[in-house]
Each structure stands twice: as C-alpha cells, then as structure tokens.
Amino acid sequence: MIDILADLNPAQREAVEAADGPLLVVAGAGSGKTRVLTTRVAWLLQRGEVAPHEVLAFTFTNRAAREMRERVAGLVGAPAAPRWIGTFHATGARLLRRDGAAIGVASDFTIYDTDDSLRVVKRALERCQFDVQTLQPSAARVLISRWKNEGIAPTEAAGRAADPRERRVAEVFAVYEEELRRGNALDFDDLILRAVQLLAPGTAAQQKYARRFRHVLVDEFQDTNRLQMVLVKSLAQYHDNVFAVGDDDQSIYGWRGACIENMLEFEAAFPGARLLRLEQNYRSTGNILDAANAVIAHNRRRRGKTLWTAGAAGDCLTLGRVFDEEDEASRVVELVREELAAGLARGDVTVLYRTNAQSRALEDALRRATLPYQIVGGTQFYERREVRDLLAYLKLIANPRDGVAAARVLNVPRRRLGETTAERLRELADREGLSVGEAAARPGLLESALPPATARRARDFFDQVAAWRAAQADTPVPALLERIIAETGYRDWLAADDPTTAQARLENVDELVAAAHAFDEASQGGRLGGFLEQTALVADADALDDDQGVVRLMTIHTAKGLEFPVVVLAGCEEGLLPHLNALADDGGLEEERRLFYVALTRARRRVHLLCARARRRAGQRELADPSRFLAEIPAALLEPRDEALGAPSVAGQAWPTWREEPRRIRETQLAPAGAALQPGQLVVHPTLGRGVVARVEGEGDDLMVTVDFPEHGRKHLLARYAHLRPSR
DNA sequence: CTGGTCCCCGTTTTT
DNA sequence: CGGGGACCAG
C-alpha cells in the first residue's frame, strides 16, 4: 500500500486526517487544494471504514470531477474509487433520474440549457401576450432563474415582485414552469432545485441518500449558491461529515448566485465546524504571490489569509502599455516569441482576458503569425447551430414531449413547415393540454388543424421521428445519429444553406458524430439518454486539450482551477477589468478584483500584463485608463518600474509618459486628451487631416476643442472622441 | 413559405 | 464590426 500522506505538509496532512464532523479548509490558490481533497478521499477509503459508494464529492466542473476520479483511482485503484463524484448539476440529474418519480419527475426528462430555457421564456411571453419590446426575454429569464435559486415558487413570486414589471415576469414564470412540465423538461436550476425538493427533510429519498453518503466533500466551496448549500446540508443531515474546500478570494460567480456567505458563515451553518487554512503556495514565484496578495488585500469581504512560498522570488511581472487591441495582439505574439526564445514551449503560454469578445483580435494576430493556438470555452461546440439541430433530433427521439426540440427541427432542413404551421401546432397542443409531439401522435389530430397538404408533410415528419424512436433501442447512438443525418439530407442542406460557412459546419457535424462514437466506446454501448446527459452538462472548458503544443486563450473564469507556466493578461483597463457593468455595486468591484487575483495566481513563473490606451467597443474606439488593479501592485514588483500608474488618469489630464519605446504608438499616439491642446497647436485628425487648434473649452469628458482645418473649415470636437494627435 | 433586406440591438463572466 | 430578429416582396 502506498503511503498517500508521504508528501503532504503539516497543514495538508491535518486536513486529510481530520476527524469526522464538518470541516472547512480555506485553501489559497496553489496550496494543494485538489491534492488535499483527493488524498482525503483516498485516506477515508484506505482506512477501510468507508466504502466507495458511501462517498459523495461535488466539483465545480466536469473536468475537475474527472481529474479527481482519476487521481483517487491512482491512489486506491480504479475498482475502489467512488462513483459519486460530479458537479452539482450532474449529481442532481443523477439523483432525479433515479428517484425523481417521488416528486413527479419522470426519469427520461430532458435538460434545457440556457438557450432552450430562453426559448421557453419567449413562448411564455407570447402566451401571456406581453410585448417582447418592453419586457426582454433574457431579463425575464434571469429573474426567473434568480427566483428559482432562492427557492421561490411561481405562486410566491408575485408577492416578491418589486414592481409591475416583475409582477408580469411572475406571471410568465408560472407559464414557463407549466411549459417545462408539459415538455418533461428541467432547466439547469431545476437540477438543483428539484433535487433539493427530492431530498427534503423527512422524505424517503433523504433517508436513503443521507444515510448512504457518510462523507460529503465539496470543492470550490466559495462558488456554491444557496440552493446547493441546502442540498449539501440535506445530504449531510445524518452523518454530518462535510469536508468543504474553498477560497473566498477566488469567488467569481456571484452573478450566478454564488454565495460567498456559505464560506464566510460556514461555522453557523454547521455547528461545531472546524476551520483549517492552507497558505503555503507551491505554484507561483514569490513576486507573483506578493503582487496577488497586495491586490487582494484591498478587499473587505474576506476571511483573510496570506499566501507564501518557500521558493524563489523569480522575475518581476511585466507591464506593457499598447495603443489598441490590435497593438496588444501583436505584443502578445512578441511575448510568445520571447518566451519561446527563453526555452518555453508554446503550450506553456496562456493568454487570459475578461470577455470572450477580446479573443478575436488575439486570434487574428496569432493566425497571421502562424502560431498555433486553441480557444478554450468561448462559443462552445454544443452551442453551434448545426450541433444543436442534430441534438434536437436526438432529444425529440428520447423525449417525444420536448417542445423546444420539436420546434427547432420541425423545419430544419426545410420541409415547408414554417412559422404559421408551428404556431397552429402549438395552438392545437395548448387546446388539448398536450405537448406538440403528443398531439401529433394522436390519430387525425394533425389533419384536423392543418390544410391537407401541410398536414401530410407534418405527418411525414412525425412518422420519421417515430421510426427513429422505434429503432433507438437496438441502434447504437452513432448509428442513430448517422441515420438522422442521412435521412434528413442534413449535410446537403448545410452545404446549400450557406456555402461560406458550409465547411466549418460540416466539420462540426463530423465532430459530433465523433463525439457519439467516443461516447459509445467509453460507455460500451451506452444509451441515448446517457449521451444527451453528457452533451447537456459537459462544457467546452472540460475538453481542455492536454496537447502542450499550442498557445491557449481563455477567459479568466474558464481558467479557474488551472495553472500555467506563463500567463499573459490582456486588457487590464478600467471598464474592462474591472468591467463597467460590474461597478454598479461595490460587491461587484470586489468580485472583479478577485478575478484579477485569480488571473495572477494561475501563473507559475511569469506574468505579463497588458493594457491598451484605446479599445474598440461596439465598433466605437474609446479611450481607456489603466486598470486600478495595476496600481495596487507594488511598483517594485513591476517591470518597467517608472511607469507610475497612480490613480486612473481622468481624461483631460496628461497621459503618463512611458519609458517603453512604443512601436506604432509614436506614429499614432493619441492626443493627450486635452493636456497638450492649446490654441495654436498643430494637430492631425484621422479623417479631417491637419488643423490648428483655435479654442479649448470645458474639462474632463466634456473637453471641447475647436479646430480650423484648411480643407474642412472650423470643427467643434469632443477631445475624448476626436483622436487628435499633435503634429510637428 | 421562403429569401432577402434592413435595422437595431447590445457586448461579462457559465454549469 | 457582428449576429439576430423584424419586416417585406415574391
């Protein structure tokens, strides 16, 4: 038997060997959190007092679940590894498939993702006859989701509504729930909410599972929400063995309902709970840690801890100020080349950013430089139209009541069953209190509601689906998928529909077929339901290529839990990081700061920070100030050092001068938004050309400049938008 | 019912 | 700049 405790430090060891009872491990970034968690599981099993099926572990992503499963298997052997390791959503789905009948959830329910759910909201809005213009479907969906996460039922929602708009959403909520029920579907929130209902105190299911799971472990505890906490409590009700690991400084999912109080008030939730801290960091250099510590110290709502390392201080963090996002992208290419020259591999460099939209400029530059790269996450594979179409066919086969799937493929490929027909079918179904699929299955019903020729086409469609359904039991998933593609002529349709995108879309179809084959092999002939479950709950971030050969690009959110030798953090600007939309409340700012902290602490050896003076947003070029977080990094840790950042400069003040020799900046340098502008000054405007400043009025954002252009006459320009540069 | 055009929208992060 | 929806003509 291997000594699983051999390489642990005292704090880690204490956590692993902790006695029964609730325990919160506050584990800083890079402190060996995953290691502690996996070793704890192995230790429990190795002592022989706990059987594999008595252990339940929650992770944040499927990737983390897989990793944990593999690592535990490595320690105790595959047969002895627990099977109940998964995300909250996957575990909720699993519990509901098994025992959902007790609360009226059929075992073959469909999972609606955010997009499906939005379609149902739109439909509900229509049924309530609310104007989509005044009540945005997406806003309604967010509110409904929030209510569900607070455990508020549709009947209670009206009472909770803060204004008339919310009262209308409450009405939509009720219809939405009815649509889900009729479609035999659960949305993401339901996977937790219904599991909580299933395991309510005193129920048979709670007796069963809370007794069985003698140990409940939770990873990334700082990002659990209220409902997930309730689920954990239900499951731990009997044995009271909750082993939670998290880092309040890395809580970055508040917008999704993550409740940092779960962590800050752990002892109140679990009386008698113990608390342990892991503060020794094994990942990053001293300088990176010092920078991260200094930044995060500005947050108020935290438990407080300080990471340290026994390792070397390492290199300074670098800061590059660039002209715009294109310049930034070229600088990223240069940085990659420099790292390659320093002996690192392409796969050692990861570029992080705040928003997915930032990836475009970076991709363009990397492609031009012929540097292979991979986007992790982003527009996800399973969100592509063609993939969703084909999955909708499979979903409709697995669950005839799935209304979203039926609506999606009714006329894809085109079979002359357009919106009018779809609407008639929905009306018919509503009248009968059935789903569209059920209504179509009733003899003669289609024919009663549609013109004869249309009814015939609709009948053909539903017959075709029924035939696939009949074949499903003894057709492997990949064969079924191929059959659908062939019999619908899907590939031809794709090619004809839009030749410019055909190739990429066909490749996606192939990739989906490949995924079906992979599933078939991995599950040894698994059922359709299993494949759909996987596609519904597996995110692209889970499919992080272990291929070390390419530069990787991802959002900071996606990077959570990962580590890389070199991190390039792009877009360190006010308005972007911290993001403008997050600044409304100060909790938002703290979460943005945690994002910055997460980004820094992903790096093992080096961090390169980039910030642009101007950035295109919604097609408009806008000036940007350096992120305030940059100024929170001690200057001694930054290279170059004389780039005094101070407080973000206000438009109208001089831009700081930079030692760094700008490459394109010199030619295209923005006018110091005002400072250098004075009557008589020669300036150049991007489109108006050369001119002479006649007058300067106002200040800050309102700084107005009057310029005489020889060819265009006198113009009044707002300095912050005019992009004037001084001319010699 | 389809295919085209136009316009408007908004662009944070994801299980 | 980009996609998605609304609107209109065949």
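These numbers come from the heavy atoms of this one structure, side chains and all, not from hydrogens, waters or symmetry mates.
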Look at the side chain of [X] and decide which nucleotide, out of [options], has an atom nearest to it.
X      : options                : result
A:T555 : B:dG10, B:dT14, B:dT15 : B:dT14
A:T87  : B:dT13, B:dT15, B:dC1  : B:dT15
A:T355 : B:dC1, B:dT14, B:dT13  : B:dT13
A:H89  : B:dT14, B:dT15, B:dC1  : B:dT15

To the nearest 0.5 angstrom, please state how far the CG atom of A:L390 sits from the OG1 atom of A:T535.
-> 11.5 Å
To the nearest Å, give me how far apart [atom1] ([X]) and [atom2] ([N]) are.
X      : N      : atom1 : atom2 : answer
A:N356 : B:dT13 : CG    : C1'   : 8 Å
A:D223 : B:dT15 : CG    : P     : 12 Å
A:L417 : B:dC1  : CG    : P     : 8 Å
A:E423 : B:dC1  : CD    : P     : 12 Å
A:F88  : B:dT14 : CZ    : C1'   : 16 Å
A:E325 : C:dC1  : CD    : C1'   : 11 Å
A:I111 : B:dT14 : CD1   : P     : 20 Å
A:L352 : B:dT14 : CG    : P     : 12 Å

With a cut-off of less than 4.0 Å, is there a side-chain N or O of [X] near OP1 or OP2 of [N]?
X      : N      : answer
A:T114 : B:dT15 : no
A:N581 : B:dG10 : no
A:T558 : B:dT13 : no

Going by modelled atom types, is there a donor-acceptor pair between the base of B:dT14 and the side chain of A:T61 at under 3.5 Å?
-> no
Residues from residues 406-416 of chain A sitting under 4.0 Å of DNA chain B, heavy atoms only?
-> A:N411, A:R414, A:R416
Flag the pair [X] and [Y] as a salt bridge only when some basic side-chain nitrogen lies within less than 4.0 angstrom of an acidic carboxylate oxygen.
X      : Y      : result
A:R385 : A:D389 : no
A:E150 : A:R226 : no
A:R594 : A:E591 : yes
A:K33  : A:D219 : yes

Are [X] and [Y] linked by a side-chain donor-acceptor pair shorter than 3.5 Å?
X      : Y      : answer
A:N399 : A:D108 : no
A:Y597 : A:Q250 : no
A:T420 : A:E423 : no
A:Y382 : A:D113 : no

Pairs under 3.5 angstrom, nitrogen or oxygen only, protein versus nucleotides 3-5 of chain C, please.
residue	atom	partner	partner atom	Å
C:dG5	OP1	A:K122	NZ	3.4

Would you kindly compare A:G418 and A:E592 by the position of their nearest DNA chain B nucleotide and give the one closer to the 5′ end?
-> A:G418
Mapping A:R457 and A:F60 onto DNA chain B by nearest heavy atom, which one lands closer to the 5' end?
-> A:R457
Could you go step by step and tell me if A:F58 and A:E220 meet the side-chain contact (heavy atoms from CB on, under 4.5 Å) rule?
-> CA-CA 9 Å; A:F58 289 111; A:E220 305 282 7; over 6 Å; no
